[in-house]
Trainee: 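Have a look at this one before I ask anything.
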Amino acid sequence: MVIFLLITAITALSVYAIERGERRREQAQLNETAQVIASSLDRRVNTSGSYLIAGAALISTLDRVPADLFRRFATELRLDADYRGAEGIGWAPIVPSGQVGSFERMVQADTGEPFRITPRPGPDSNFAVPVTFLEPMSERNARALGFDMYSEAVRRSAMQEAIETGRPTASGRIVLVQEGQGQDSGFIIYMPVFEPGTRDELIRGFVYGPFNSQVFLDSVLTRELVGQRGVRLYDGKPVAANLVAAHAPGRRTGRVTRIEVDLADRPMTVEVESARGDALSLLSMITLLFGIAVASLSMLVARLLTQQAHEDQAALDFYAEQNSIRNSLTRELNHRVKNTLANVLSIVALTRRRAHSLEDFASGLDGRIRALSATHDLLTQSEWGTTPLRAVLEAELAPYANSAESILKLEGPEVDLAPNDALSFGLAIHELATNASKYGSLSVEGGQLDVTWHQLRDNLVEVLWQERGGPTVPSERPRGFGTELIEKIVAHELKHPVELDFAPQGVRCVLRVPVRKPTEFRMRARNRPAGVQAREAGAASGR
């Protein structure tokens with residue numbers, strides 16, 4: 001996780017640095033775009049102003065402005081090619097109120113078209129400034145002919161300012177007469193025409209250029225320049241009420257750059273909006289994805305290495321434990337082999353002392369070794385764990401259980417014996433059974449043998465061996481090997497005295513066998529991890 005977080009943090013810092021660089025680059029591009037647009041608009045206005053100044057210079061030298069002369073002048077300007085963004089160039093003379101009718105007739109005679117000044121000058125107006133000529137003549141521009149521009153406040157203010165400055169002056173936001181029923185924003189640039197040598201006294205009229213604001217703005221915009229960015233042109237401050245033209249962005253982001261520009265003495269604002277939103281750039285996305293991939297891969301590799309280290313450590317611990325178990329097994333095996341050999345040697349020694357012949361010695365020794373082996377088989381089946389007391393009895397008394405000449409009764413609760421206790425108990429039962437089959441109740445028809453047991457307490461069980469219906473037991477008889485084995489070896493191994501009574505009616509023997517918990521004789525407790533137990537199952541059970 002530390003590696004993952006570290007690489008992720010480095011990736012985040014890299015993405016932040018890339019994005020900051022992209023923002024700065026985008027801001028620089030916005031500034032450059034706004035500057036280019038502002039410069040282009042300014043050049044358009046300056047070009048228009050130059051044409052208007054030329055027109056004013058021409059008209060100032062004439063006593064009258066004929067329609068053909070003005071049309072030829074406009075044609076020479078090549079308006080369609082060089083005057084992009086403007087509706088054209090026009091002439092609007094000053095017409096005193098008393099000369100409105102005669103002026104209308106004169107223009108009609110000159111152009112051959114009906115001409116009427118609208119609206120008519122009111123009683124508070126001494127003159128009108130009607131649109132007399134507007135080239136190139138088109139159906140759109142024809143709508144403006146005869147319109148008294150002095151009758152409208154915004155136009156009137158611009159004309160008065162132009163008279164005061166004597167240079168091209170742009171009006172505020174208006175709707176051109178050419179628009180008809182439309183409401184597109186526009187503006188007009190006026191250039192005053194004075195009588196030669198009487199600039200401050202006599203004003204003859206205005207050469208002007210009308211502009212549709214949207215067409216004016218679109219004339220300087222190109223796809224290479226703008227792309228998906230938004231561009232807006234404001235008449236004055238950049239507020240919604242002053243918006244005169246706009247080019248919609250690919251999407252609104254709110255990140256804008258503004259440049260103020262004076263267009264024919266009219267302050268305007270060019271605003272360029274970035275189309276790049278909050279989404280990460282391609283380079284940032286690649287960096288982010290690559291960083292996350294590297295972080296995830298590093299974390300995975302680190303996790304695999306850590307897991308491998310843990311598994312290696314667990315394997316080392318397991319091998320160390322196995323080695324310890326092997327040593328313990330070896331020691332326990334040595335101990336048990338010694339115990340078994342000691343039992344065998346004791347049996348051999350006692351059998352030899354009590355045997356009267358080699359055959360008698362071999363027969364007695366064979367039976368006792370077989371009894372020991374049978375109990376060993378039980379312990380092997382239980383993997384040297386606990387062995388049921390009943391199973392020991394059944395194994396030792398199996399040769400007599402199917403005999404029709406005797407009755408065998410086994411009765412008692414389920415009791416499990418420890419390995420060594422089971423060996424000693426089985427050896428004692430073998431000796432008692434051998435004696436019963438030779439001299440006792442198992443030697444005659446109708447003889448009975450009852451073996452019952454009950455628990456005196458949780459850790460001790462008492463086993464009663466009772467023979468009935470057999471030959472009368474003599475009151476005096478020599479002590480045999482079985483008696484010695486039971487009273488000495490078995491009693492010593494079981495750590496409890498054995499009561500052996502040779503009553504006339506039948507042998508009676510009381511054995512007390514310890515009942516020990518598994519933890520008292522097993523080398524290891526069973527509370528080991530499941531994985532280790534599974535690997536140790538064959539070697540660790542029942543020791």
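Keep in mind that the numbers below use all heavy atoms, side chains included, and drop hydrogens, waters and symmetry copies. Computed from a predicted model, the values in this text were never measured in an experiment.
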Trainee: Looking at A74 and E135, what are the two nearest heavy atoms and their distance?
Mentor: CB-CB, 3.5 Å
Trainee: Pair up each side-chain donor or acceptor in residues 58-67 with any protein partner under 3.5 Å, not counting sequence neighbours, and list the distances.
Mentor:
unit_1, atom_1, unit_2, atom_2, d
S60, OG, A56, O, 3.3
S60, OG, A57, O, 2.8
T61, OG1, L58, O, 2.5

Trainee: Minimum heavy-atom separation for P388 to D416, with atom names?
Mentor: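 So the two residues come closest at CA-OD1, 3.5 Å.
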Trainee: Does any non-hydrogen side-chain atom of V95 lie less than 4.5 Å from one of V129?
Mentor: no
Trainee: Please enumerate all residues that pass ring pair (Phe, Tyr, Trp, His ring centres under 6.0 Å) together with F70, with sequence neighbours excluded.
Mentor: F133
Trainee: If you round to the nearest 0.5 Å, how far is CG of L52 from CD1 of I189?
Mentor: 6.5 Å
Trainee: Between A162 and P192, what is the shortest heavy-atom contact and its length?
Mentor: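 Shortest heavy-atom contact: O-CG, 3.3 Å.
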Trainee: Just jot down the ring pair (Phe, Tyr, Trp, His ring centres under 6.0 Å) partners of F127, sequence neighbours excluded, or say none.
Mentor: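 So F127 forms a ring pair (Phe, Tyr, Trp, His ring centres under 6.0 Å) with Y150.
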Trainee: Taking side chain to side chain contact (heavy atoms under 4.5 Å, CB included) as the definition, give me every residue that meets it alongside N323, ordered by chain and number, with sequence neighbours left out.
Mentor: R326, N327
Trainee: Do E260 and M268 come within less than 4.5 Å of each other through their side chains, counting heavy atoms only?
Mentor: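 The answer is no; the side chains never approach within 4.5 Å.
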Trainee: Which distance, rounded to the nearest 0.5 Å, do you find between the CE of M137 and the CD of E113?
Mentor: 8.5 Å
Trainee: Do Y190 and I163 come within less than 4.5 Å of each other through their side chains, counting heavy atoms only?
Mentor: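 With C-beta onward as the side chain, the pair stays apart.
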Trainee: Considering non-hydrogen atoms only, spot the tightest contact between G172 and V154 and give its length.
Mentor: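 Closest heavy-atom pair between G172 and V154: N-CG1, 3.5 Å.
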Trainee: Between E104 and R120, does at least one N-O distance fall below 4.0 Å, as a salt bridge requires?
Mentor: yes
Trainee: Please name the residue in the list N141, I89, V177 that meets the side chain to side chain contact (heavy atoms under 4.5 Å, CB included) test with L134.
Mentor: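 For L134, the side chain to side chain contact (heavy atoms under 4.5 Å, CB included) check succeeds only for N141.
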Trainee: Is the number of heavy atoms from other residues, nucleotides or ligands under 6.0 Å of Q455 CD greater than 12?
Mentor: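 Above 12, so yes.
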Trainee: Is F103 close to P130 at the side-chain level, that is, under 4.5 Å between some pair of heavy atoms?
Mentor: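 Of all side-chain heavy-atom pairs linking F103 with P130, at least one is under 4.5 Å.
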Trainee: If the condition is side chain to side chain contact (heavy atoms under 4.5 Å, CB included), which residues does I7 pass it with, not counting sequence neighbours?
Mentor: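 Only I3, T11, V294, A295, S298 meet the side chain to side chain contact (heavy atoms under 4.5 Å, CB included) criterion with I7.
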Trainee: Less than 4.5 Å apart, side chain to side chain, heavy atoms only: is that true for V193 and V207?
Mentor: yes
Trainee: Under the side-chain hydrogen bond (donor to acceptor under 3.5 Å, both in side chains) test, which residues partner E271, sequence neighbours left out?
Mentor: R232, Y234, R258
Trainee: Please collect all salt bridge (charged side-chain N to carboxylate O under 4.0 Å, His left out) contacts where either partner lies in residues 50-59, sequence neighbours excluded, each pair once.
Mentor: none
Trainee: Give the C-alpha distance, both sets of side-chain angles, the deciding distance and a yes or no for side chain to side chain contact (heavy atoms under 4.5 Å, CB included) between V461 and L389.
Mentor: CA-CA 10 Å; V461 63; L389 183 147; 4.1 Å; yes
Trainee: Please determine whether side chain to side chain contact (heavy atoms under 4.5 Å, CB included) holds for the pair Y208 and M159, giving the CA-CA distance in whole Å, both sets of side-chain angles, and the decisive distance to 0.1 Å.
Mentor: CA-CA 10 Å; Y208 73 97; M159 287 187 282; over 6 Å; no
Trainee: With distance as the sole test, does N212 use its side chain to make a donor-acceptor pair with the main-chain N or O of V215 at under 3.5 Å?
Mentor: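 Between the backbone of V215 and the side chain of N212 there is a qualifying donor-acceptor contact (under 3.5 Å).
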Trainee: Taking the side chain from T169 and the backbone from A158, do they hold a donor-acceptor pair closer than 3.5 Å?
Mentor: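 The answer is no, because no donor-acceptor pair under 3.5 Å joins these two groups.
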Trainee: Which heavy atom of V131 sits nearest a heavy atom of A144, and at what distance?
Mentor: CB-O, 3.2 Å
Trainee: Give a yes or no on whether a salt bridge exists between E273 and R229, defined as a side-chain N under 4.0 angstrom from a carboxylate O.
Mentor: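 No, this pair does not count.
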Trainee: Answer yes if the side chains of Q35 and N31 hold a donor-acceptor pair under 3.5 Å, and no otherwise.
Mentor: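 Judged by distance alone, the side chains do not pair up.
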Trainee: Working note: T269 + L233, criterion side chain to side chain contact (heavy atoms under 4.5 Å, CB included); need CA distance, chi angles, decisive distance, verdict.
Mentor: CA-CA 6 Å; T269 302; L233 180 63; over 6 Å; no
Trainee: Suppose the criterion is salt bridge (charged side-chain N to carboxylate O under 4.0 Å, His left out): which pairs have a residue in residues 292-315, not counting sequence neighbours?
Mentor: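 Those involving residues 292-315 do not exist here.
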Trainee: Roughly how far, to the nearest 0.5 Å, is CG of L304 from CD of Q308?
Mentor: 9.0 Å
Trainee: Just checking, is any N or O donor in the side chain of R43 or S40 under 3.5 Å from an acceptor N or O on the other one?
Mentor: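 Yes - a donor-acceptor pair under 3.5 Å links their side chains.
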Trainee: Are the side chain of Q214 and the backbone of A246 linked by a donor-acceptor contact shorter than 3.5 Å?
Mentor: yes
Trainee: As an exercise, state the distance from OG of S39 to CZ of R44, rounded to the nearest 0.5 Å.
Mentor: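 It comes to 12.5 Å.
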Trainee: Keeping the roles fixed (side chain from Q99, backbone from S102), state whether a donor-acceptor pair exists under 3.5 Å.
Mentor: no
Trainee: For Q160, is the CD atom crowded, meaning more than 12 foreign heavy atoms sit under 6.0 Å from it?
Mentor: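 Above 12, so yes.
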Trainee: Could you check whether any side-chain N or O of S125 sits under 3.5 Å from a backbone N or O of P121, counting only pairs where one atom can act as donor and the other as acceptor?
Mentor: no
Trainee: Using a 4.5 Å cut-off on heavy atoms from C-beta on, say whether the side chain of V231 contacts that of L217.
Mentor: yes
Trainee: Working to the nearest 0.5 angstrom, can you tell me the gap between T222 OG1 and I37 CD1?
Mentor: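 Result: 8.5 Å between the selected atoms.
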Trainee: Give me each pair satisfying ring pair (Phe, Tyr, Trp, His ring centres under 6.0 Å) with a member in residues 162-189, each pair once, sequence neighbours excluded.
Mentor: F187-F211, F187-F216
Trainee: For Q27 and T257, run side chain to side chain contact (heavy atoms under 4.5 Å, CB included): C-alpha distance rounded to whole Å, both residues' side-chain angles, the deciding distance at 0.1 Å, then the answer.
Mentor: CA-CA 8 Å; Q27 187 62 44; T257 294; 2.6 Å; yes
Trainee: Quick one: closest heavy-atom pair of P267 and D265, and the distance?
Mentor: CD-O, 3.8 Å
Trainee: S151: what forms a side chain to side chain contact (heavy atoms under 4.5 Å, CB included) with it, not counting sequence neighbours?
Mentor: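 So S151 forms a side chain to side chain contact (heavy atoms under 4.5 Å, CB included) with P119, F147, D148.
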Trainee: Could you tell me if the side chain of F206 sits less than 4.5 Å from the side chain of W91, heavy atoms only?
Mentor: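 No, too far: nothing below the 4.5 Å cut-off.
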Trainee: Under the 3.5 angstrom rule, does the side chain of S296 hit a backbone N or O of A293 as a donor-acceptor pair?
Mentor: no
Trainee: Among N46, V261, V36, V270, which residue satisfies the side chain to side chain contact (heavy atoms under 4.5 Å, CB included) criterion with L41?
Mentor: V270
Trainee: Under 4.5 Å between any side-chain heavy atoms of S213 and D184, yes or no?
Mentor: no
Trainee: How would you list all residue pairs meeting salt bridge (charged side-chain N to carboxylate O under 4.0 Å, His left out) that involve residues 233-245, not counting sequence neighbours?
Mentor: D235-R266
Trainee: State the CD1-CZ distance between I94 and R204, to the nearest 0.5 angstrom.
Mentor: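 Here the rounded value is 11.0 Å.
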Trainee: Side chain of T387, backbone of L417: donor and acceptor closer than 3.5 Å?
Mentor: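 No: the side chain of T387 does not pair with the backbone of L417.
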Trainee: Under the salt bridge (charged side-chain N to carboxylate O under 4.0 Å, His left out) rule, what pairs show up with a residue in residues 171-180, not counting sequence neighbours?
Mentor: R140-E179
